[in-house]
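Computed over heavy atoms, backbone and side chain alike; hydrogens, waters and symmetry mates excluded.
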There are 2 protein chains.
Amino acid sequence: MRAKKPTRRLGVENSETRAQLIRLAARLIRDEGCAAVTARRLAEDLGLKRQIVHYYFGTIEDLIIAVIRRSVGKLHERVRQELESDEPLRVIWQLGNIVTTALFEFSAMAMRSKAIKVEMKHYMDEFRRMQAQAVTRHLELRGITPTISPLATAFVINSVAHTLAVEKALDVTEGHVETEALMED
Amino acid sequence: MRAKKPTRRLGVENSETRAQLIRLAARLIRDEGCAAVTARRLAEDLGLKRQIVHYYFGTIEDLIIAVIRRSVGKLHERVRQELESDEPLRVIWQLGNIVTTALFEFSAMAMRSKAIKVEMKHYMDEFRRMQAQAVTRHLELRGITPTISPLATAFVINSVAHTLAVEKALDVTEGHVETEALMED
DNA sequence: GTCTATACTTCGATAGAC
DNA sequence: GTCTATCGAAGTATAGAC
């Protein structure tokens with residue numbers, strides 16, 4: 001996509017305005033969905049003109065990818081720290097509830113953009129491996145020999161937490177009480 | 001939304017063109033995502049002008065809701081039949097893999113539209129109850145006394161099946177083999 | 001039932017001035 | 001670094017002719 005004419009000017013990576021655009025875009029994706037992320041909306045919320053977005057990012061897709069890198073990078077660091085707690089299983093369970101909205105939107109965008117799909121795949125694979133590691137640690141802490149794959153355990157816990165959160169956002173609650181009770185094993 | 005001026009003409013419900021528009025929209029949502037559903041695209045694929053869409057539906061949102069009603073209605077009927085098989089658990093497991101893409105897109109739209117959210121909630125609640133019924137029947141067929149809530153069981157199976165399918169669409173496969181093996185219990 | 005014509009909005013993007 | 005100016009494309013929607 002980005003290999004046509006290098007005549008175009010682009011802002012530097014460590015600009016403050018650039019960072020503000022990324023932060024604002026992340027917030028918009030979380031609160032209003034990816035459709036809210038337009039050059040106009042972003043720039044005017046910062047008191048600037050919409051062309052500034054193309055100065056820093058070239059295309060909107062480039063901006064989205066920058067948002068994903070930042071969001072996932074922050075999450076990654078946070079998970080890494082929290083998994084050192086005494087209850088790593090509970091940590092991955094609660095995490096599934098927190099970042100759901102943004103993750104859902106990222107996934108929706110990845111469905112239709114090859115570049116975003118590649119970006120997301122990389123992080124999701126790694127995230128799952130970290131979760132599996134947490135499961136292993138949980139069992140070791142309690143002296144239990146694992147009977148089922150830690151990867152599968154991580155998958156199921158994360159999947160259920162994620163689905164619960166998405167459905168709550170859609171006001172769907174049928175079976176939630178029962179499922180939440182079940183997961184407290 | 002729809003209570004301003006009743007001066008506008010609208011096509012009849014049993015029109016063939018109207019049915020074609022709904023079918024085409026359903027296919028577009030499944031194959032290319034909700035962003036592909038525009039009046040222009042729909043009409044021109046049928047060899048008509050884009051204004052025809054507004055003659056039959058007024059707004060695009062009305063069209064989407066018609067698509068949801070039709071899709072879910074068909075699914076509902078299918079599930080009702082298949083759950084009478086000898087392996088109802090396997091049926092709901094496989095079902096999660098099939099309708100995922102459309103369901104994902106509907107959910108994304110529901111996140112940003114009150115009317116669509118209401119429509120989806122209704123069907124998802126009912127769908128879950130049907131699944132729970134399948135779980136109950138599965139256990140009865142085998143003379144097992146349920147130790148965990150059928151609703152929760154249905155939720156977990158459906159959630160994992162759905163997540164697996166979404167991730168496959170995103171080329172994410174970490175832990176899938178392990179999870180699929182686990183679910184074959 | 002479908003068309004033409006039209007209005008209005010918003011989008012992404014580029015070139016060049018200051 | 002941010003602006004003005006401008007482009008072309010696409011979107012939803014309405015009114016009225018045939």
Side-chain angles (χ1 to χ4, degrees), chain A residues 1-25 28-29 32-67 108-109 112-116, chain B residues 1-25 28-29 32-67 108-109 112-116:
Chain A
M1 294 283 184
R2 212 89 276 292
K4 282 286 175 72
K5 290 175 186 172
T7 58
R8 185 94 163 282
R9 266 204 306 166
L10 270 185
V12 296
E13 291 253 327
N14 62 350
S15 148
E16 176 54 27
T17 299
R18 188 177 187 279
Q20 282 182 320
L21 285 169
I22 293 178
R23 278 197 296 270
L24 178 56
L28 282 176
I29 289 172
E32 306 181 35
C34 52
V37 181
T38 68
R40 196 179 241 110
R41 176 72 190 276
L42 287 165
E44 292 183 356
D45 277 10
L46 294 182
L48 299 172
K49 299 298 177 181
R50 69 184 189 284
Q51 290 83 348
I52 202 68
V53 175
H54 293 96
Y55 168 64
Y56 282 109
F57 296 98
T59 72
I60 299 295
E61 187 172 76
D62 290 343
L63 165 62
I64 299 291
I65 289 179
V67 171
M109 290 184 274
R112 274 160 252 131
S113 158
K114 180 67 187 164
I116 296 180
Chain B
M1 293 281 184
R2 214 88 276 289
K4 282 285 175 73
K5 291 174 186 173
T7 57
R8 185 95 163 281
R9 266 205 304 167
L10 270 185
V12 295
E13 292 253 325
N14 61 350
S15 147
E16 176 55 26
T17 299
R18 188 178 188 276
Q20 281 181 320
L21 285 170
I22 293 178
R23 279 197 296 269
L24 177 56
L28 282 176
I29 289 173
E32 305 181 35
C34 52
V37 180
T38 68
R40 199 177 238 110
R41 176 74 190 277
L42 287 166
E44 292 182 357
D45 277 11
L46 294 183
L48 299 172
K49 299 299 176 179
R50 68 186 190 282
Q51 289 85 345
I52 202 69
V53 175
H54 294 97
Y55 167 64
Y56 282 110
F57 296 97
T59 74
I60 299 295
E61 188 172 76
D62 290 344
L63 165 62
I64 299 291
I65 290 179
V67 171
M109 291 185 272
R112 276 160 251 129
S113 157
K114 182 64 186 165
I116 296 180

For residues 33-44 of chain A, tabulate all N or O donor-acceptor pairs below 3.5 Å that involve a side-chain atom, not counting sequence neighbours.
unit_1	atom_1	unit_2	atom_2	d
T38(A)	OG1	R41(A)	N	3.2
R41(A)	NE	D45(A)	OD2	3.2
R41(A)	NH1	E32(A)	OE1	3.1
R41(A)	NH2	E32(A)	OE2	3.0

Ignoring the backbone of R8(A), work out which of dG11(D), dG1(D), dT14(C) is nearest its side chain. dT14(C)
Side chain of T59(A) only, please: which of dG11(D), dA13(C), dT2(D) is the nearest? dA13(C)
Grab the [atom1]-[atom2] distance between [X] and [N] for me, whole Å please.
X: L10(A); N: dA13(C); atom1: CG; atom2: P; result: 12 Å
X: Y56(B); N: dT12(D); atom1: OH; atom2: P; result: 18 Å
X: R41(B); N: dT12(D); atom1: CZ; atom2: P; result: 13 Å
X: R40(A); N: dC11(C); atom1: CZ; atom2: P; result: 5 Å
X: Y55(A); N: dA5(D); atom1: OH; atom2: P; result: 21 Å
X: I60(A); N: dA10(D); atom1: CD1; atom2: C1'; result: 16 Å
X: F57(A); N: dG1(D); atom1: CZ; atom2: C1'; result: 14 Å

Looking at E16(A) and R23(A), does any basic side-chain N land under 4.0 Å from a carboxylate oxygen? yes
Minimal heavy-atom distance between I22(A) and F57(A), with the atoms involved, is CG1-CZ, 3.7 Å
Which heavy-atom pair separates A25(A) from V67(A) by the least distance, and what is that distance? CB-CG2, 3.6 Å
In residues 42-52 of chain A, what residues come within less than 4.0 Å of DNA chain D, judged by heavy atoms? L48(A), K49(A), R50(A), Q51(A), I52(A)
Just the table, please: protein N/O against nucleotides 16-18 of chain C N/O, every pair under 3.5 Å.
unit_1	atom_1	unit_2	atom_2	d
dA17(C)	N6	R9(A)	NH2	3.1

S15(B) meets the side chain to side chain contact (heavy atoms under 4.5 Å, CB included) criterion, sequence neighbours left out, with V12(B), T17(B), R18(B), Y56(B)
Presence of H54(A) side-chain N/O under 4.0 Å of dG12(C) phosphate oxygens OP1/OP2: no
Taking atom CD1 of I65(A) and atom CD1 of I60(A), what is their separation to the nearest 0.5 Å? 12.0 Å
Would you mind classifying the nucleic acid contact of T17(B) as base, sugar-phosphate or nothing, using non-hydrogen atoms under 4.0 angstrom? sugar-phosphate
Would you tabulate the side-chain donor-acceptor contacts of residues 48-55 of chain B under 3.5 Å, counting partners in other chains and residues two or more places apart, or write 'none'?
none

